[in-house]
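Heads up: the structure comes next, in structure tokens.
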Amino acid sequence: MRGPTAGPSITIGKTVPRIRNLWTALVLLALIPAPPATAQNNQLLPEIDVYYKLKPDVRLWFQAKETREDGSPVQAEIGPSLDFYLKPWLKLKNASLFDLDDSKSRPVIFSIGYRYLSAPDETSTNRLEPVVILNFPMKGRVLISDRNRADLNWQNGNFTWRYRNRITVERSVHLHGYHPSPYAMAEFFYNSQYGKWSDTALFAGCIFPIGRHVEFNPYYEHQNSTGPSPNQQLNQLGLMLNLFF
């Protein structure tokens, strides 16, 4: 069960058409190939994630976004995932009380997903994404998450893999009855293509819930990529729209 959501009153009949329009715009933007970028470029990365609860412990979700990771060019990425939960913990429920994403109340989440990636002047990539997420409640209603993910990539008949470990620290705050959740993340990439830890990404952002079904998640990301030569320093702004049903 999701915790109660405090916040400004939202008229669903008026809000849903606006959400649909924004959802359509973000999907189209995510699927339009971006022009090649230099190592010093700032970039805007749109993303939309739609979550649908099949059972209390099973969730289907669909993702469409633009991404640039581990020295790769900007890519359009799209595909579904299936999440499997363990039973919720009371301490985790307290730490994620005002978050619409009820997976944060579960100590362990297993996920398997497929993604199709395309970029200008490159062969498309088919990716399988197995994921394990561990959530830890801390004092002061701080939530720490440890995501372990593998990217199993097939491109041009060649197979490569990448391991990614991402640590997230977040806490909801109370602002006159509203509960945004600022967070910080660090993600580390090991790439079989380079045979080393080849990328570090640092994030800072904030989750803004709207009603019971919508979250906006703007963030800033800095990447240090040492896989390709020369090394790349990337500064990126992201805007995520999360829809929960």
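The first residue in the sequence is number 1, and the count goes up from there.
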Please determine, by modelled atom types, if [X] and [Y] share a side-chain donor-acceptor pair under 3.5 angstrom.
| X | Y | value |
| --- | --- | --- |
| Y114 | N126 | yes |
| R59 | S111 | no |
| D101 | Y51 | no |
| N191 | R162 | no |
| N165 | D146 | yes |

* Quick one: list whatever passes salt bridge (Lys or Arg N to Asp or Glu O under 4.0 Å) with E170, sequence neighbours left out. => K104

* **Over 12 non-hydrogen atoms of neighbours within 6.0 angstrom of OH in Y52** => no

* Just wondering, more than 12 heavy atoms not from H174 lying within 6.0 Å of its NE2? -> yes

* Which class fits the ring pair Y178 and F208: parallel under 30°, tilted 30 to 60°, perpendicular over 60°? -> parallel

* Kindly assign one of parallel, tilted or perpendicular to the pair H213 and F245, based on the angle between their ring planes and the thresholds 30° and 60°. => parallel

* Positive for side-chain contact (heavy atoms from CB on, under 4.5 Å) with E215, one of L243, D99, D49, L241 -> D99

* Salt-bridge present (R68, D199; N to O < 4.0 Å) -> no

Tell me the closest heavy-atom pair linking [X] and [Y], and the distance in Å.
| X | Y | result |
| --- | --- | --- |
| L134 | V108 | CD2-CG2, 3.8 Å |
| A186 | L202 | CB-CD2, 3.8 Å |
| S81 | G113 | OG-CA, 3.4 Å |

* Do you know which of K87, K53, R212 makes salt bridge (Lys or Arg N to Asp or Glu O under 4.0 Å) with D102? -> K53

* Structure fact -> For Q223, the side chain to side chain donor-acceptor pair (under 3.5 Å) test, sequence neighbours excluded, returns E221

* Looking at residues at least two apart in the chain, or sitting in another chain, which of them share a ring-ring contact (aromatic ring centres under 6.0 Å, His included) with Y219? -> F203

